[in-house]
Amino acid sequence: MAALVVDGLWPWMVAGKRPSDNALWGFSGLREHLGMEGPAERLKADRVELRRWHESDLDALDQAINESLDHLAAPWMPWAANHGRRHTAGFLARCHEEWEARQAFVYAVTSHATVIGSCGLHRRIGPGGLDLGYWIHPRWTGQRLATTAAAALVGQGFRLAGIDRIEIHHDAANTASAAVALHLGFTEVERIQAPEGPSAPGEVEADPPKGPP
């Protein structure tokens, strides 16, 4: 186990897939708290637009996942291995419920109105924290679109009341997700051995996988 302590409030935890290590990262610096109850439902960020998921997005999201299965399922996102239309519908219903309960804020990532991925902020890492997750259709990877989307959510996250840290969880071998955090200025502070049993990277679920972020 390795640890690097930083003077900051943006920890990034790289959750390793068994049996790899996990790493905890942080970003140095405070952000002004504006005390919002929830983030904006639509965000324009350079070449992508983020908008709150709706149940009417079932066809578009199901297509994006089906076209991304090889990219997602092996080995980063275990939920993709058992993906089906019913699971996608359940995910969209859960997005609505959790947004209304102010427990998670999950967005479609779109480019020219085409759904190309998903990203979200989740209250599942304890008081004052948000877990930031993201995935992008392989046709649009390599263009820093995940970084652009994640940066927009970081800005929104620190405007929420009571939030003092944001974390990203992903497989320690997932260098693409590591690059997103590094481009955003996150700094590693700790590595932790992953727990036994199947786990999902934080860009999907910190708990047993239920569906896409």
Side-chain angles (χ1 to χ4, degrees), residues 4 6 8-17 20-29 31 39 43-51 53 64-65 68 70-80 104-111 115-125 129-160 163 165-192 194 199-206 209 212-213:
L4 169 65
V6 298
L9 294 176
W10 286 20
W12 168 33
M13 189 160 113
V14 183
K17 184 173 180 288
S20 59
D21 288 341
N22 297 348
L24 178 63
W25 298 60
F27 183 88
S28 179
R31 290 295 179 271
L43 299 166
K44 179 65 177 175
D46 194 15
R47 293 171 295 160
V48 298
E49 184 173 354
L50 313 183
R51 59 172 178 78
W53 282 115
I65 293 174
S68 306
D70 290 343
H71 172 69
L72 297 174
W76 314 125
M77 304 187 182
W79 58 265
F105 309 98
V106 187
Y107 295 80
V109 181
T110 68
S111 177
V115 171
I116 64 169
S118 183
C119 62
L121 297 167
H122 305 261
R123 296 183 187 271
R124 58 190 180 197
I125 56 172
L130 290 171
D131 182 17
L132 168 62
Y134 44 83
W135 65 267
I136 295 292
H137 190 299
R139 192 180 304 157
W140 282 272
T141 58
Q143 304 176 52
R144 294 198 178 181
L145 300 183
T147 302
T148 300
L153 289 194
V154 167
Q156 289 290 298
F158 277 111
R159 288 174 170 81
L160 299 180
I163 297 303
R165 73 189 192 282
I166 294 175
E167 299 180 2
I168 298 172
H169 298 246
H170 72 78
D171 191 295
N174 189 341
T175 56
S177 283
V180 170
L182 292 173
H183 288 146
L184 293 176
F186 285 65
T187 306
E188 182 177 1
V189 297
E190 187 177 10
R191 284 183 176 249
I192 308 167
S199 63
E203 52 267 71
V204 188
E205 293 287 342

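With contacts defined as side-chain heavy-atom distances shorter than 4.5 Å, the pair Leu50/Leu153 qualifies. Contact annotation: the side chain of Val109 never approaches that of Trp140 to less than 4.5 Å [non-hydrogen atoms, C-beta and beyond]. For the pair Val115/His137, no side-chain contact is recorded, criterion being any heavy-atom separation below 4.5 Å from C-beta on. For the pair Arg165/Ile125, a side-chain contact is recorded, criterion being any heavy-atom separation below 4.5 Å from C-beta on. Residues Leu160 and Arg123 meet the side-chain proximity criterion, which asks for heavy atoms closer than 4.5 Å.
Remark: Thr147 pairs with Arg144, Val180, His183, Leu184 by the side chain to side chain contact (heavy atoms under 4.5 Å, CB included) rule, at least two apart or across chains. Applying the side chain to side chain donor-acceptor pair (under 3.5 Å) criterion to Glu49, with sequence neighbours excluded, gives Arg42. Among residues two or more places apart in sequence or in another chain, the side chain to side chain donor-acceptor pair (under 3.5 Å) test is passed with Arg51 by Asp57. Under the salt bridge (Lys or Arg N to Asp or Glu O under 4.0 Å) criterion, Arg139 pairs with Glu67, sequence neighbours left out.
With hydrogens and angles disregarded, no donor-acceptor distance shorter than 3.5 Å links the side chain of Ser118 to the backbone of Ala108.
The CG atom of Leu121 lies 8.5 Å from the CD atom of Gln156; values are rounded to the nearest 0.5 Å.
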- Message: Set out, in order, the CA-CA distance, both residues' side-chain angles and the distance that settles side chain to side chain contact (heavy atoms under 4.5 Å, CB included) for Ile136 and His71, then state yes or no.
- Response: CA-CA 9 Å; Ile136 295 292; His71 172 69; 5.9 Å; no
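There is no side-chain donor-acceptor pair under 3.5 Å between Trp135 and Ser68.
In terms of heavy-atom proximity, Tyr134 sits nearest to Ala150 at CD2-CB, 4.4 Å.
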